[in-house]
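Worksheet for the structure shown next.
From a predicted model like this one, the values you see are computed outputs, not experimental measurements. Proteins get letters first, then strands, A, B, ... in listed order; numbering begins at 1 in each.
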Amino acid sequence: MSFISVEFCLFFAFLCPTYYLLTHRFRIGFLLVASYVFYASSRLEYVPLILFVTISDYVLAQRIHSSSGEARRRQYLWLAVFTNLSILFFFKYFNFFSAATADLLQVFSVDYSPVTIDVRLPLGISFYTFLGIAYVVDVYRGSIEPERKFATFALFVAFFPQLVAGPIERAGQMMSQFYRRVEFSYADAVAGLQLILWGIFKKIVVADRLAIYVNEVYGNPYGYAGPTLIIATVFFAFQIYCDFSGYCDIAIGVARVLGFRLMRNFRQPYFALSIREFWQRWHISLSTWFRDYVYFPLAARLGGSSILGVHVSFVTLFILSGLWHGANWTFVIWGGLHGLYLVCEYTIQRWTLWAQPSAEWVPLVWSNKYVACMFRAALTFSLVCVSWVFFRANSLQDAWYILRHFLTFPAGSWTVLTKPLGAADSEFGRGIAAILLVNVIDGIDARYGWIDFLGSRPPIVRWAIYYGLTAGIVLIGIWGTQEFIYFKF
Amino acid sequence: MGRNTRRFVLKLMLFLLPVVLYVFATVGVGVFAGEFTPLRDVASLQAGNAPILYGRAYRDNYFAFKLIATQLRNPEVLVLGSSRVMQFRAGFLDRAPHNFYNAGGAIQAVQEIREFLRRLDQSHLPTTIILGLDQPWFNAKTSGDFSARRALNQLDEENTVQFARAMNVSKYVLGDLLAAKITLTQLANRTDPTSGCRAIGLSAIMNGGGFRNDGSYQYGEADDPVHQRFVEGLDRLANDSDHFASGDRVADGVLVELDAVLRFLKERGVRVFAFAPPFAPIIVDKMKQGGRHQYVQMSTQRLAEMFKSYGFVYVDAFDPRLFGTSDVDMVDSFHGSERIMLAIYKTFAEREPETLARYSDSKLLDHVSR
């Protein structure tokens, strides 16, 4: 069940009033059942899998907590991590590593035909296994107590707004919310709906519009020259941003209507002045997950703050992050590239004492460092775009072709920019306008906070904005078959 | 319910009311006109005797529709190809019109022929297929633009995304209502304005544009004067785009695909009559003078050899003057009229009378074409 569907509207329209009409003690059970119904509506056969992961993490966390010896605690921890990762490996990576092994053996002239399994990737598996790992590690570290009530823990894993594509919440932040007595809050409900509306707009009006161009060019990049390839890549940068952040806004909004606060997953990533800052603004729940559960332990093992240790940790971390996104070499290179960016950035900063720029910079507001900040933001954005080529390309060959032809400008190549859209060439201008609008709203969000900004406007302005966004969705939205991109991960 | 809750619910309803009304009204127009009528239902209705014109306004669903209709009818003679073959009529087969179906418009790439045939009941494949092979499919420069993806998406879409389709129809209906392209009196009648028969879909109701029972296409709107029919095609030729793009090489991969299709049909005993569809003579002359469309001649030669090797008939109708027709007989720059299709059909019947004689009386064809 997609967030943008009649089914979900009906589901939420039933769930919301029922939830508030129930007394507090029935609410966890009700939300749990609703979350499983939500999950089962996509594919029933994967319900036992999420149930198994839930039971396994629940039991092992209890064991970690109740065991007295460190060795035993550690064994349970590794068992839990192993269980989560093996499930993820089996469903997501088995075929990839099997093929990679065959390729590797071929280098040594060993003939091995790869074993493959024909299985569909269970929805949300990358998210709920990582959520489970974070939980058992936190229990092991003593940061949190294990949850005693199974239903509450099961709800934490399967809570429907965040189940399919995050944000990857931490138990420390969520569990207490499940126990809090929630009364209907007018302000939360309005803020939640504002987020939902903006999220749908970003997905339907911006992301899916840009996708038309991107799909056409990346589907067959060999027919296009530099200008078209560059524009398709910039469009993709905003497509994936609006797609994923749109999804997260809807998820956060839905949770907020029910009285829950999910963590923010995006904070104007393309305003970042460095790659490091980009990762503090992009898919924040995943970045902080990797930071807390991979980078810190890895860097500590590789020599604390030694330069080599930091560099190896960066690259390893981002290769893993790339693999998390998909079992394909293109994702591995995308991740590795970001690791290299960070190594270079780290090195340049050490040598040149080029200070970390102010994170307070906002493109809409003039300051004395405006030009320098603009330059750095553009540089960061360009580097990110280069990496997006690998993320979006269908193969390494395609990615390589696109990169090699980025700077080729044969005669007439500037006059055929709308060619990928065929007869629908007016969508080109709309796509650019949509990108500008997103940047303006991001600017407002960075400066005032989007929800606060809306709240401080007179009702007539607020309603005009609501109707403007709704009219955009209904009248110029691209209503097609585009799934949310992060459903694939 | 607390005061705050009541306030919230009331405001939410107030906000949603115009949106819901708008969506219901516009989608309602689409539903009433038959834009959402399941393809299987339309195909079943058209398989009956009553003439029904079917033409959606807002979605090209030709692959899905023609496939479902063909699956339902299992015709002996099937026309397969792009919009350029849609003027073959059941009437050409005067001895057995019910054995005919025109699946023209379904195919936009050689890859889609395979997908179409693969989905038919293999025990009831047509005995004869008339295959239109658009020249641009074989142009190495543009062949990458063609794949079976479009067709497969259509099948998925027909089966799944009703909500998305409803929203799409909703926004177009509003525009067309405002532009007076949809009038309520015509909508209320739900008949083909040209023939008065029952019509399903907004294009059929408003313009008389749609598929007839035999699968052929009725263009509906009055013909443009001859000099205006080719303006768009000449523009596209000048812009080197779409069907008119230049090229000096043949796409070998596409020929391999086609070879596999022919082998498949040969093994199953299906007779194939293929042709290269016509361009308007004015376009043909420009292409020849420009000297930048060598792929047309080259692909025709290769296709003729390929069809010969399978013992199938192949006719080059690139220049319709060879069939005694002229610009007047073209619907536009690259769509021939029924008269041209009849001339091509007659050529098939002459080249292999033993197959087509049981369907058509050649004397009658002569008479009609005159």
More than 12 heavy atoms of other groups within 6.0 Å of [X] [atom1]:
{"X": "B/Gln294", "atom1": "CD", "answer": "yes"}
{"X": "A/Ile460", "atom1": "CD1", "answer": "no"}
{"X": "B/Phe24", "atom1": "CZ", "answer": "no"}
{"X": "A/Trp463", "atom1": "CH2", "answer": "yes"}
{"X": "A/Arg404", "atom1": "CZ", "answer": "yes"}

Applying a strict 4.5 Å limit to non-hydrogen atoms, the region of A/Tyr466 in contact with chain B is both
Which region of A/Leu193, side chain (C-beta onward) or backbone (N, CA, C, O), has a non-hydrogen atom less than 4.5 Å from a non-hydrogen atom of chain B, or is it both or neither? side chain
Check: A/Gly477 main-chain N/O paired with B/Lys171 side-chain donor or acceptor under 3.5 Å: yes
Out of curiosity, B/Thr5 OG1 to A/Leu21 CG, how far, rounded to the nearest 0.5 Å? 9.0 Å
Which of the residues B/Leu12, B/Asn168, B/Leu174 is involved in the greatest number of heavy-atom pairs with chain A at under 4.5 angstrom? B/Asn168
In terms of relative ring orientation, are A/Tyr467 and B/Phe15 parallel, tilted or perpendicular, with 30° and 60° separating the classes? tilted
Side-chain heavy-atom pair B/Tyr22, A/Thr470 within 4.5 angstrom cut-off: no
